[in-house]
Structures are given as C-alpha cells and as structure tokens.
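Beneath this line is the structure, given in structure tokens, with notes to follow.
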Amino acid sequence: MSGGAPTATGPGPGGPAPSVRQPAMQWATGPAVPVISVIVALLLGAVFVAATGNDPIAAYAALARGAFGTPYDITETLVSAIPLVLTGLSVAVAFRTGLFNIGAEGQLLVGALAAGAVGARFAELPGPLLMPLVILAGILAGAGYGAIAGVLKAARGVNEVITTIMLNYIVVFVMHWLLQSGPMTAPSALGTPASARIGDGAILPVILPNELVPLSRLHAGILLAALAVAVFWFLLWRTSLGYELRAVGLGARAAAQAGIDPARRMALVMAIAGAFAGLAGMIQVSGVFQRVFDGFSSGYGFDAIAVALLGKNSPLGIVAAALLFGAFAHGGAIMQSNAGISSHLVSIIQALVLFVIAAEAIVRGIAGRSRRGRKPVEAIA
Amino acid sequence: MTALLEMQGIRKRFGELVALDGVDLSVEERDVHALLGENGAGKSTLMNVLYGLYAPDGGRILLRGEDARIGGPRDAIARGIGMIHQHFMLIPPLTVTENVVLGDERTGALLDRRVIRERVRELQSRFGIEVDPDARVEDLPLGLQQRVEILKVLYRGSDLLVFDEPTAVLTPQEVDELFAIVRTLREQGKTVILITHKLREVFAVTDRITVLRLGRNAGSLVTSATTAGEIARLMVGRELRELRPRATAGSRDVVLEVTGLGALSDRGTPALLDVGLTVHAGEVLGIAGIGGNGQSELAECIMGLRRPTAGDMRIGGADVSRDGPRRTRAGGVCYVPEDRRREGLVLAFTVADNLILGKQAGPPYATFGVLDPQVIEREGALLAREFDVRPPNPLAIAGNLSGGNQQKVVLGRELSSSPRLIVVSQPSRGLDIAATEYVHDRLLEQRARGAAILLISSELDEIRALSDRIAVMYEGRIVATLPAAEATEERLGLLMAGHESAGAA
C-alpha cells in the first residue's frame with residue numbers, strides 16, 4: 001500500500017495522519033478489487049473443473065452461453081437478478097449502518113407470505129387497487145420482521161447476526177405450517193405445500209411482448225427493483241436520515257456525541273433492510289410464481305450477502321454483482337443440461353468469490369495491524 | 001573524540017511523503033541528548049530507523065565510529081540500543097521482575113528466579129530505580145511502570161537509551177523523579193536520547209540538542225548556551241508570541257452549575273463522587289488532573305452522554321440532568337471531545353460532512369429531511385477557510401488530515417454556532433506548537449465573546465495558560481478549586497497526586 005505514514009495517530013513519525021482503514025472505505029475505493037476477486041475466483045474454479053476431468057474453457061463458454069446466449073437467456077438472467085438486487089440492497093443498507101443483516105432470507109419469505117396472502121385473499125379486486133396493496137403488504141411485512149432484530153439490538157444490545165439467523169429459521173417453519181396445514185394451505189399441483197394462486201390484479205405483467213422475446217418471463221418487477229436502487233441511493237446520500245445511518249456505521253461514537261442516537265438508527269435501519277427484502281419476496285410472488293410454496297426461495301437472502309460485499313454496498317455495484325450472480329444462476333442450469341457439467345460449479349465459484357474478497361480484507365487487516373503495532377497509538381486518557 | 005552514535009544523511013520516505021530528508025544526528029557518549037521538533041518533524045521516524053523498525057532509504061549509521069547495519073530491533077538491542085516507548089510494552093498481570101526478563105534472549109527456557117532477582121536488584125541500586133520487583137505491573141501507577149521499562153532496557157545491557165516522549169503520561173512530581181533517574185544513568189556511563197517537544201524538559205536535564213523541522217536538521221545546540229526562544233524559533237521556524245495578558249473575567253452570570261454529581265464508569269465503578277462546580281459567562285474553568293480521575297465522565301455527564309447517578313446540572317438555570325446529547329446541544333452547549341478521531345469526527349466522511357454532524361437534520365443543510373449537497377459543500381468551504389483547515393478542501397477525507405487540521409474541523413463545527421457553554425477535553429493533545437496556539441486563540445476568543453468554557457486537560461501548561469480558575473480532580477472528586485493566580489505548578493501537582501492538604505495552604 002502506498003501513501004501515509006505507517007502509524008495510527010498521535011505523534012506519528014513523519015507527518016500527516018495515515019489514510020483511514022475503515023472496512024466500508026476499502027469497499028468504496030473503486031471497482032478494481034471486486035473485479036479482480038471475480039477473475040481470481042474464476043481461475044480457481046477452472047482448477048476445480050479441470051480436476052473433475054472437464055475442460056474449463058468449454059465449461060465457462062457453456063456458462064456464458066447459458067446466461068447470455070439468446071435474448072431469452074438474457075431475460076432469464078435478469079429475472080434471477082431481480083431478487084438479488086433487492087436483497088443485496090437490504091444487506092447493504094444495514095451494513096452501511098454497521099450492522100450485518102443475515103436475515104434477508106427470512107424477511108424475503110415473510111414479504112412473500114404477506115404478498116401471497118393478500119393477493120389471494122383479495123383476488124377479486126382490480127389491479128390498480130390490489131397491486132399497491134400487495135406491494136405494501138410485502139414491504140411492511142418484511143420491515144416488521146427486520147425490525148424485530150433491530151429493536152432487540154437497540155433495546156437490549158442483542159447481536160443482530162444471531163437474531164436474524166434465528167428469525168430465518170422461524171419463518172421457514174412457520175411458512176411450512178401455514179402452507180401444509182395452516183390457513184394458507186391450498187390444493188396444489190406442485191407436489192409441495194403451496195398457497196392459493198394470487199388474483200390477476202396482483203400479477204406483475206411481463207414487460208417484453210411475446211413477439212420480441214418468445215416465452216420471456218421478464219416482468220415489471222425489474223422496474224420496482226430499479227426504483228428501489230434509486231431509493232437506496234437517495235436515502236443514503238441525499239437525506240438527513242441516510243447521513244445519520246452512515247455516520248452511525250462509520251463512527252457510532254462521533255454520531256452519538258453529536259446527538260444522533262445509534263440505537264434508534266439501528267432499529268430503524270433493520271426495518272428498512274427488511275422492507276427491501278420483503279419487496280423482493282413480493283416480487284417473486286407477483287412476478288414469477290403467483291403463489292407461495294415450500295422451498296420458495298433458493299437462498300436469495302444468503303446470496304445477497306455476497307452480492308452486497310462484491311458490490312461494495314454501493315447502488316451500481318450491487319446491480320452489477322446481482323447481474324453476475326443472476327447469470328451464474330441461470331447460466332449454471334443451462335450449462336448443466338447442455339455441457340453436462342454440474343451446476344454446483346457455480347456454487348463453487350460463488351464461494352470462491354466470497355473467499356477471495358474475504359481474504360483480501362484479511363490481508364489488508366493484517367497489514368494495517370502490523371503497521372499500527374509498531375508504534376503505540378495515543379496518549380493515555 | 002568520536003561520537004557514540006553518528007547518523008548521517010538519513011533519508012526515509014513513505015510513498016509521496018518525505019519523512020526524513022538527509023538528517024544528521026551526532027550523540028556524544030555520556031550525554032543526555034534532546035531530539036526536539038514538532039509533530040511530524042521526523043523525530044520518531046529517525047528513532048525508528050535507529051531501532052531498526054524502518055529501513056532507511058539513504059544515509060548511514062555509525063556506532064562508536066563503526067558502520068552499523070541495523071536490520072531490526074533485535075540487532076539494535078544486540079548493539080546496546082534500548083527504546084523506552086511512550087506506551088509501555090508491559091504485560092500487566094506479570095510482576096516487575098517477570099516483565100523485565102521477558103523476551104530476553106539470554107534467559108533461555110528455564111528461569112532461575114533467584115539469579116534474575118539478584119540481577120534486577122543490582123540494576124536498581126546502581127541506577128537508583130526504586131520499584132518493588134515483586135509487584136504486579138497492573139497495580140503500579142504509570143510513573144512506576146515507566147521505571148519497569150527502563151529496567152527492562154538496562155537488563156538487556158543497553159548503553160544508549162532512547163526515551164520517546166517519556167513525560168506525556170506523568171505528573172510533575174513523577175517527571176522530576178524520572179529526570180533524577182536520567183541523571184543517574186548519565187553518571188553511570190549511559191547515553192540518553194530524549195525525544196520531546198517540551199522546552200522545559202530540555203533545560204531540566206539535557207546537555208545537547210538537535211532540532212528537527214519538517215524532516216530536516218534545523219539546528220544543533222548546546223543546552224547551556226541557548227535560550228528557550230532560540231529553540232522555539234528553530235522548531236517552529238518563526239517567532240512565537242507570548243500569550244497576551246487577559247482581561248480578568250467579569251464574573252457575570254452563572255452558565256453551568258453542577259452540584260453533588262455522581263456517575264459510574266463504563267465498568268460500573270464509581271467515577272464521579274459529589275462533584276460540584278460553576279462556570280460563569282466569559283470564564284474558563286480548568287479541570288486539572290491526571291487522566292482517568294473522572295474528567296472524561298464529567299464531560300460526558302454534562303453533554304448528556306452518560307447518565308448521572310446523583311446530583312443535578314443546570315445550564316442557564318434550567319435543569320439538564322436528564323437531557324440527552326441532542327437536547328443539551330440544542331440548549332447552546334458544544335463539545336470538543338478528547339478523542340477527536342473517534343468521537344469528534346467520522347474519519348471516513350469528508351470535511352464538509354463532518355462540519356454538519358449534529359446539524360444534518362435542519363436548515364440550512366436540509367429541508368424536510370432532504371440534504372442540500374451544494375449548501376453543505378459551500379458552507380464547508382467557508383468554515384474550512386475560516387478555521388484555517390489545510391487543505392481548505394471541503395471534500396477532503398477527514399481521516400487524511402493531520403491531527404491539528406482535524407481539530408480545526410471539530411472547532412469549526414462546534415464554535416461556529418456561538419455556544420454559551422463550551423466543554424473542551426484535551427484540546428491540544430497530539431498537536432504541535434502552532435496548532436496548539438491556534439486552538440488556544442480560538443478558545444480565548446470565545447471567552448472574550450462571553451462563552452463559558454469548561455477546559456479539561458492533563459497538560460498543566462495549557463490549564464494555567466487559559467484558565468481563570470482551576471479545579472483539580474482526583475479519584476472522581478474535585479479536591480480543590482483555586483484562582484489561577486494561586487495555582488502554582490507545584491501545588492497543582494501535589495493536588496493531582498492526591499495530597500488534598502495542598503489545597504488548604
């Protein structure tokens with residue numbers, strides 16, 4: 001690393017204070033690191049492919065063709081990316097406030113359940129009435145579920161990582177009961193417990209005409225996702241609240257002494273995070289499946305952590321990372337059926353991406369520490 | 001006569017920053033040599049080169065006339081160089097003796113406690129370093145912990161001892177005792193390099209002086225043949241002005257009144273006991289004391305950051321005992337916290353963003369909760385210029401500024417709202433002379449405007465230079481409050497060390 005003198009503070013040797021090493025800042029220093037991480041992960045993944053006796057180049061070619069080979073594939077990649085964008089925003093907004101939201105998955109499911117319930121219960125309502133209702137249901141349910149962890153954190157200091165993980169489990173089992181033998185149970189041809197189909201008014205329309213891209217499922221949820229990205233940016237960088245959230249995330253003590261109560265902001269941001277994830281669940285119901293069923297989410301809320309990390313918690317970064325992961329998801333399936341290479345390769349690559357990002361942070365952390373360790377920090381209070 | 005140590009043309013750069021630009025240092029044997037300079041002058045960098053922590057980019061080091069390549073602290077120790085760091089490298093639960101032998105190469109795997117104790121005792125009597133060899137380090141005050149560090153270095157056979165700002169954490173009495181030890185070291189044939197920026201210490205104990213400024217030699221002096229003024233001029237590169245005599249405070253309205261205040265520390269132990277004080281408009285009340293005697297908790301209570309367990313606080317007559325920081329600030333109170341990097345600033349934010357911290361929710365910076373980036377940047381640029389932040393770029397990241405400029409950002413934010421009460425904690429900690437001067441000027445300006453100032457500092461010079469009255473804190477209590485004229489350094493020092501009777505004198 002270039003630049004600043006290698007001590008932390010105080011009467012450091014030789015001049016100006018060193019550059020700050022805040023995690024959030026590392027990730028905000030440009031797209032070079034994530035791009036390199038992905039390349040390294042792909043190279044390491046190639047080793048795995050070769051080890052299984054396959055041709056890595058053929059595998060990646062099949063993956064890329066699967067994701068972007070035809071207009072239809074591109075739209076499917078987009079469909080896969082939409083929930084990742086929203087859950088990515090969910091993780092990122094919490095992270096910007098210094099919290100780790102591992103609960104996007106549960107918040108997504110709660111949002112989906114609420115949207116599915118409202119969409120089916122009021123199926124007769126016309127679209128202009130029902131659609132806002134369903135959107136609201138998804139957002140509010142997710143927000144409420146996120147707020148549980150937030151309030152526990154604010155009031156009792158309970159670690160949000162633990163609570164959100166546990167809340168994920170709770171919703172999975174509650175969902176199972178609701179769909180199997182509870183009030184949302186409906187006869188289903190899926191072979192798994194599922195809810196009733198939502199009303200036509202609650203369905204997000206496909207936005208590409210069939211003549212343009214036959215069979216495309218690309219739905220209006222993409223517009224909602226784009227709107228959410230804009231809201232995320234505006235909230236964090238153009239509102240007082242967003243300023244406060246970022247201040248809490250980057251310097252909770254400084255924020256507190258300036259009159260910003262970190263606990264309250266943390267409670268609030270978990271609700272906001274839940275709202276983004278809840279909207280993701282609603283979009284999956286209204287745009288893709290038209291009902292809720294067991295095993296509804298393929299782990300979007302967990303992939304979201306990788307998306308947020310890779311996207312450096314920035315709006316455009318999250319979009320790019322979600323597109324990449326969407327391409328993996330759809331392209332992986334095609335690669336498996338066309339080239340005979342297990343789609344688990346995709347999981348391996350995703351894991352490697354995370355690993356490389358984490359390793360990079362570790363390396364920087366160690367470098368920072370050993371430099372700091374050389375000279376003690378600040379006069380004793 | 002050859003010097004014990006010759007450093008010639010030492011160069012060191014960190015990226016773009018040239019920390020040392022061909023620095024020479026010559027230290028005679030059996031001398032106490034002061035290495036002087038402002039923060040950032042390169043003193044510590046030079047010593048870290050000597051100790052092998054940094055590899056120099058140029059220049060050479062001669063020890064007793066022989067070329068010495070010092071590849072690391074191990075080399076340095078083997079060549080008889082010892083470093084007493086500003087922050088002690090001790091293991092608190094271990095005893096003094098254990099700490100002294102810890103890490104010594106010759107100890108081997110087995111410790112012969114009897115032999116070691118004997119050696120340590122011998123060193124103690126030879127150098128007049130009194131400290132119980134069986135005491136646990138964590139039970140010792142900082143002054144005694146420092147002696148353990150000195151013993152450690154002597155135990156390894158060092159002939160050249162480097163003290164890095166050794167007095168920063170000591171009471172005046174402890175400083176005197178330290179200097180007595182330093183003189184004994186010299187008598188016993190050791191050579192000492194003292195890194196400092198306090199002129200008083202230079203005259204108290206050193207023989208020769210090397211002054212650095214901005215990574216270059218600014219001068220070499222013999223202590224007995226120079227003056228404080230000359231040294232200061234070399235350090236700063238210009239004349240220093242005297243603090244002008246101040247108009248006596250027309251002790252008018254009481255702004256802050258604290259009675260019977262009690263509070264707990266973070267660990268749940270009593271931190272404040274029955275604290276009472278008043279600060280008037282246009283007055284500076286200095287709170288002297290060694291760090292950790294309740295000063296931080298006092299500031300936090302007043303700012304609403306810590307809940308008092310007893311007593312009450314009034315600002316302008318209104319009870320603020322239960323107010324949080326936001327309401328306290330809304331009542332015209334501002335705060336310059338002691339830890340500016342963590343409490344005063346959000347380091348990752350820009351200067352402009354830091355300047356609106358706490359004011360982010362209302363006009364002129366926000367309307368209906370929506371920020372106006374243009375106003376924020378414009379006002380930031382104005383304030384940065386007004387408070388002489390360098391560079392005056394509102395979009396610079398606060399963490400990249402020097403300590404002095406960071407403090408200017410804090411001052412700019414806090415003082416620009418014309419507060420009626422200013423709580424300042426350690427305002428010049430870690431700052432160089434010029435920045436300290438600047439901070440003091442600004443505070444006196446506020447006093448002249450009629451603000452009440454509560455100044456918490458462990459720097460006696462600062463307290464005495466700025467205060468109208470001085471209260472001394474010891475173990476959570478205010479043990480005495482004196483008019484500035486009666487607060488001699490000696491008396492304050494005794495009070496700070498817990499001799500309450502000194503207050504009655």
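Protein chains get the first letters and strands the later ones, always in sequence-line order, with residue 1 at the start of each.
Of the atoms belonging to I356(B), heavy atoms from both backbone and side chain fall under 4.5 Å from chain A. The parts of D353(B) that come within reach of chain A are both its backbone and its side chain, each placing non-hydrogen atoms under 4.5 angstrom from that chain. Contacts of R329(B) with chain A are made by side-chain atoms alone, with heavy-atom separations under 4.5 Å and no backbone atom involved. Of the atoms belonging to R327(B), not a single heavy atom falls under 4.5 Å from chain A. Within the 4.5 angstrom heavy-atom criterion, only side-chain atoms of L305(B), from C-beta onward, approach chain A.
Checked by atom type and distance alone, the side chain of Y335(B) never pairs as donor or acceptor with a backbone atom of A258(A) at under 3.5 Å.
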Quick one, R246(A) with V346(B), criterion side chain to side chain contact (heavy atoms under 4.5 Å, CB included). Give me CA distance, side-chain angles, the key distance, then yes/no.
CA-CA 9 Å; R246(A) 288 185 294 123; V346(B) 178; over 6 Å; no
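Within the 4.5 Å cutoff, side-chain heavy atoms of F234(A) are placed close to those of V370(B). In this structure the side chain of Q360(B) reaches within 4.5 angstrom of the side chain of E244(A), judged on heavy atoms. By the 4.5 Å heavy-atom criterion applied to side chains, P325(B) and Q257(A) are not counted as neighbours. Two residues are said to be in side-chain contact when any heavy atoms from C-beta on lie closer than 4.5 Å; Y365(B) and Y243(A) fail this criterion.
Heavy-atom pairs under 4.5 Å with chain A were tallied for G304(B), G215(B), G344(B), P373(B); the largest tally goes to P373(B). Put simply, of G369(B), C334(B), G358(B), the one with the most heavy-atom pairs under 4.5 Å next to chain A is G369(B). The greatest number of non-hydrogen atom pairs below 4.5 Å with chain B, out of G242(A), A255(A), A254(A), is found for A254(A).
Taken from CG in L236(A) to CG in L371(B), the straight-line distance is 11.0 Å, to the nearest 0.5 Å.
By the neighbour-count criterion of 12 heavy atoms within 6.0 Å, atom CZ of R216(B) is sparsely surrounded, having that number or fewer from other residues, nucleotides or ligands.
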